[in-house]
Amino acid sequence: MRLISILLVLSAASPICFGQARPYPGPDVKEIYNRLLPQIEKIPIFDHHAHPGFADDPDVDAMAAPPNYSAPLRERDTNPELVAASKALFGYPYDDMSPEHAKWLIEKKAQLRKEQGNAYWSNVLDKLNIEEGVANRAMMPDYLDPKRFPWVFFADSFMWPFDNEKETNRNPDEKVYIPLQEKMLHRWMQQENLKQLPANFDDYLKFITSVLEDNQKKGGIAEKFEVAYFRPMKFGDPTKEQAVAVYKKYARGGIPAESEYRTFQDFIFRYLVTEGGRLHLPVHIHTAVGIGDYFSISEGNIMNLENILKDPRYSSTTFVMIHGGYPLERTAIWLAAAKNVYMDSSLMEVVMYPGAFKDSLKQWLETFPDKVTFGTDSFPYNDALGAEESYWLGVVTARTALAQALAEMISEGEITEAKALEFAHAYLHDTAVSLYPGKVH
Ligand SMILES: [Zn+2]
């Protein structure tokens with residue numbers, strides 16, 4: 001009898017010495033959570049995906065939000081968590097965001113911006129214990145310190161060099177997006193001193209490579225695609241001759257048929273992926289649902305990328321699945337079985353509340369804990385809900401969900417506490433940093 005009760009006590013305290021996981025957490029889970037959270041808060045973060053900057057800066061992204069799109073509950077400006085964010089970051093003295101109170105916040109930020117100058121955004125990172133945060137932006141501004149904000153530039157625009165009349169008029173979202181892709185392509189052409197598209201295709205490919213190389217010299221650590229907003233994510237495998245034929249036909253004008261345009265884009269995408277391998281420039285791809293009312297969930301589905309990710313020709317390219325394929329993140333984690341494929345949780349922890357995000361993160365950590373990275377997808381939605389507040393929302397949600405997921409895994413006898421902290425460091429910092437040797441720390 002005595003022995004049995006000793007065994008019972010032992011099994012409650014340290015279930016894994018019995019080597020069998022159990023299906024529910026024990027009564028110790030809260031205590032473990034409370035022990036883990038402060039340790040997790042001390043881990044300096046590497047934010048793998050964000051768009052830092054002021055709301056009046058058009059370069060925070062290479063695209064823009066369509067007007068009046070249906071934002072999910074947590075991303076609306078009615079989210080009461082914004083009050084908590086503003087209190088934590090700026091000492092906001094009110095308990096609501098009524099227009100006259102929000103004015104206080106706008107003025108406070110403007111005052112700090114004036115006082116702190118180029119240190120403003122680094123100070124926001126300091127407040128949240130973010131060591132470095134990726135700036136996925138069209139171009140870098142003077143006001144972000146490149147030591148704290150490594151640049152990830154956009155590579156989509158090379159796929160839209162022709163007359164885009166048809167592409168632009170597909171729906172009201174594309175009317176916003178495609179002209180911005182044209183603008184981006186023109187900026188790259190200006191950068192390389194090109195007045196018009198090169199007459200032949202090989203020179204067009206050379207132009208693409210020079211942009212990648214020059215951007216890398218300017219500090220770019222990765223190339224980013226948000227192509228799911230503009231066309232299906234299923235990429236065919238055309239020959240170079242097929243791409244040359246389309247280029248020849250339309251480089252000097254004319255509107256390509258959709259199938260011709262797709263063939264050309266399929267080839268260019270694969271070229272960019274191959275160059276990403278050669279130049280050690282990881283390829284970031286937006287893989288979640290997107291904003292806008294016309295985003296195609298089936299065509300933008302992450303699983304459409306499987307033929308690219310598992311193609312041995314691209315085994316030297318590092319792929320980062322930005323936003324983890326959400327809401328298909330549970331299937332998508334298995335794509336990370338490929339050695340060169342990583343999952344990033346940005347946006348997921350902002351769209352989902354901590355309870356739901358905890359379940360997704362736990363499933364990821366139970367599958368490929370060494371292949372998952374943290375990001376906020378911080379973005380300046382408007383003057384009141386700025387990139388500052390979205391940094392806070394991402395960081396705080398991820399830390400609490402991570403502590404809870406790991407506490408459950410410990411309590412359910414899956415891992416030790418030491419292993420859990422190893423997973424926490426990997427997710428919040430180490431795994432992402434290992435993808436950019438010598439470029440970030
Ligand atoms: Zn983003």
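Predicted model only: the values in this text are computed from it and were never measured. In each ligand, atom 1 is the first atom listed, and ligand 1 is the first ligand listed.
- With Tyr353 as the aromatic partner, Arg74 meets the cation-pi criteria of under 6.0 angstrom to the ring centre and within 45 degrees of the ring axis.
- By the 6.0 Å contact criterion, NZ on Lys103 is open, its count of non-hydrogen atoms from other residues, nucleotides or ligands being 12 or less.
- Closest of all the heavy-atom pairs between Val60 and Phe379 is CG2-CE1, 4.0 Å.
- By the 6.0 Å and 45° rule, Lys371 stacks over the aromatic ring of Tyr342.
- Side-chain atoms of Thr209 and Tyr271, non-hydrogen and from C-beta on, do get closer than 4.5 Å to each other.
- Residues satisfying the side-chain contact (heavy atoms from CB on, under 4.5 Å) test with Lys166, not counting sequence neighbours, are Ile255.
- Below the 2.8 Å limit, the Zn ion (ligand 1) has as protein N, O or S neighbours His49 NE2, His51 NE2, Asp377 OD1.
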